[in-house]
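Chain letters run A, B, ... following the sequence lines, proteins first and then strands; every chain starts at 1.
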There are 2 protein chains.
Amino acid sequence: MGMTSAPFPIASANGIATIAALIGDPARANILSALMGGQALTAGELSWHAGVGAPTTSGHLAKLSEAGLLAVERQGRHRYYRLASPDIAQAMESLMAVAAAGPRRHRPPGPKDEAMRTARTCYDHLAGRLGTRLADRLNERGFVILDDGSAQVTKDGRDFLGGLGLAIPETGEQRRPLCRVCLDWSERRFHLAGRLGAALLTCSLERGWIVRVPDSRAVAITEVGSKGFATVFGITPEQLAPK
Amino acid sequence: MGMTSAPFPIASANGIATIAALIGDPARANILSALMGGQALTAGELSWHAGVGAPTTSGHLAKLSEAGLLAVERQGRHRYYRLASPDIAQAMESLMAVAAAGPRRHRPPGPKDEAMRTARTCYDHLAGRLGTRLADRLNERGFVILDDGSAQVTKDGRDFLGGLGLAIPETGEQRRPLCRVCLDWSERRFHLAGRLGAALLTCSLERGWIVRVPDSRAVAITEVGSKGFATVFGITPEQLAPK
DNA sequence: CCGACGCTTCGTCCGCGGCCGAAGCGTTCG
DNA sequence: CGAACGCTTCGGCCGCGGACGAAGCGTCGG
């Protein structure tokens, strides 16, 4: 028998349990999901999202912060919480993919849900139909190469995006990938993440092409945005239609 | 203010909590970690890995199966459990990355831990120093392009790997990416995953270059393997040395 | 300077869920 | 066919941790 010593914890398996247990509480999951919107929120707002009282929320926030999942910033009498790193967002995203793939959870697609499917933020980039179509169009035009689960920006793409005023750092040799794909839980296809994805989101917001929907990760596409996405990226309104 | 209706659960945020809660139990995390080795294990073996009794393990396995995280296969009086899909493995991997990045968990690197750092399986591909060096060498030679967090196989690479007897399906249009990167929790750098990563692992096993270490995800590099990795990929033994 | 507000800490309650021993069911072997 | 084995089901124990109300601390507004 190859049984070495006692049944002792596999290296780091305990660490992963700790993290997962933190995410595993409904209230905390709601908090983290709310923060997947990408913007920092106050404890009060998070309390509302979590669906529990202020004291309970405070406890949750303390635990999440201590574990390094959240970063906190005091500002006046408010405390702004945000996800501590893109890694956290990616872990959440992977879990969403698993959850969406799993056995049918009864999830009546409400009107708000429909807005989320059309366009939403995924931490710091775009997701939903808008996000996936954006990836498709950039791929078709040879600006990014999407080969199954990998993504790469081409020379042409760098030029094109540069023309939009999107300054993509040449090769920062940073931890953060320039361009990676992210599995969309509603579309079950890929959209663009990484520094490029983040740049596309901020650009769209700055130009007023999309606006954030209050208390939600969903974003609404404005009039000017509808034109902008069509002329610049070739995304027709039909492609963004619910059905 | 924009408070719409009651604080009702964000779409699918509850689903993610369910999944995370399942992973969040230490015993279950140990089970899943053990199955990250990529091979199916019996309930008894998993009970040992989990560190709890058989009845308790059985309960855990039932929950994990029902949630769609595990697939089970009856064979004689044994029941073989394995991860239900690569998505699960990726979610676990993301969580490991978060856990490893978090505040210092006291994790005295034992001898077994050292073996894991040298070479181990990560679900169905190679990780550890061997895995990352493999990615490096393939990158240097222009067989794959690693640009930050993205990976792509070149024409040259396809030819090279074909010469090794690795038949990589041209472009299966499958869900499973041909080549993607996976963050190595011990090296804190990328190694290769996807269908390519899986092919590299099975190839190495078939040729006897590596052998699985019992009751562990670690793999040991054989004599012939040491030569093989050096001549075929240009990986010197020094690059695989612990320090 | 006092009251309203935002957030946290403290104390308490209580229910969910993990754990085990014993028993039950199916399979394999002598 | 009976005994050993692998795994699951059942029943009961117990402790962890999430929930809230009340109170405490810091900040902003008149």
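- A donor-acceptor pair is defined here as one N or O able to donate and one able to accept, closer than 3.5 Å; such a pair exists between the side chain of B:D184 and the backbone of B:G128.
- Contacts of A:Y81 with the nucleic acid, taken as non-hydrogen atoms under 4.0 Å apart, involve only primed sugar atoms and P, OP1 or OP2.
- Among the nucleotides C:dC19, D:dT8, D:dC7, the one closest to any side-chain atom of B:H78 is D:dC7.
- Partner B:S186 forms a side chain to side chain donor-acceptor pair (under 3.5 Å) with one of B:R129, B:E114, B:R120 and no other, that one being B:R120.
- Atom pair B:R74:CZ and C:dC25:C1' shows a separation of 10 Å (rounding to whole Å applied).
- When distances are taken from the side chain of A:R79 to each of C:dA4, D:dT8, C:dT8, the shortest belongs to C:dT8.
- Which of D:dC20, D:dT8, C:dG18 sits closest to the side chain of B:A54 comes down to D:dT8.
- Summarising the geometry, the separation between CG on B:L64 and P on D:dT8 is reported as 12 Å, rounded to the nearest angstrom.
- Between A:L70 atom CG and C:dT8 atom C1' the separation is 16 Å, expressed in whole Å.
- Comparing C:dG18, C:dA22, C:dT8 against the side chain of B:P55 picks out C:dA22 as the nearest.
- Distance CG (A:N30) to P (D:dG18): 14 Å, rounded to an integer number of Å.
- Residue B:T56 has its side chain nearest to C:dG18 when only D:dC28, D:dG17, C:dG18 are considered.
- For the pair A:R117 and A:D113, the salt-bridge criterion is met [side-chain N within less than 4.0 Å of a carboxylate O].
- The side chain of A:L61 approaches C:dT8 more closely than any other nucleotide in the set C:dG17, C:dT8, D:dC7.
- Across all strands shown, B:A43 has heavy atoms under 4.0 Å from sugar-phosphate atoms exclusively, and none from any base.
- Phosphate proximity of C:dC19 to B:H60: present, with a side-chain N or O under 4.0 Å from OP1 or OP2.
- Rounding to whole angstrom units, OH of residue B:Y80 and C1' of D:dC7 are separated by 13 Å.
- Rounded to a whole Å, the CD atom of B:E73 is 14 Å from the P atom of D:dC7.
- Between B:L64 and the options B:L46, B:I88, B:I31, B:L35, a side-chain contact (heavy atoms from CB on, under 4.5 Å) holds for only B:I31.
- Distance A:R77 CZ to C:dG6 P: 6 Å, rounded to the nearest Å.
- In this structure, the CG atom of A:L22 is 17 Å from the P atom of D:dC16, given to the nearest Å.
- A donor-acceptor pair under 3.5 Å is absent between the side-chain atoms of B:S58 and the main chain of B:A54, judged by distance alone.
- Between A:V52 and A:Q75, the residue whose closest nucleotide on DNA chain D is further toward the 5' end is A:V52.
- Checking C:dC20, D:dG18, D:dA19 against every side-chain atom of A:A27, the shortest atom distance belongs to D:dA19.
- A:T42 comes within 4.0 angstrom of sugar-phosphate atoms only, judged by non-hydrogen atoms across all strands, and of no base.
- When the side-chain nitrogen and oxygen atoms of A:K63 are compared with OP1 and OP2 of D:dG17, none of them lie within a distance under 4.0 Å.
- Taking both residues in full, the closest heavy atoms of B:A50 and B:T57 are given as CB-OG1, 4.4 Å, listed atom of the first, atom of the second, then distance.
- Comparing B:G76 and A:T57 against DNA chain C, the residue whose closest nucleotide sits nearer the 5' end is A:T57.
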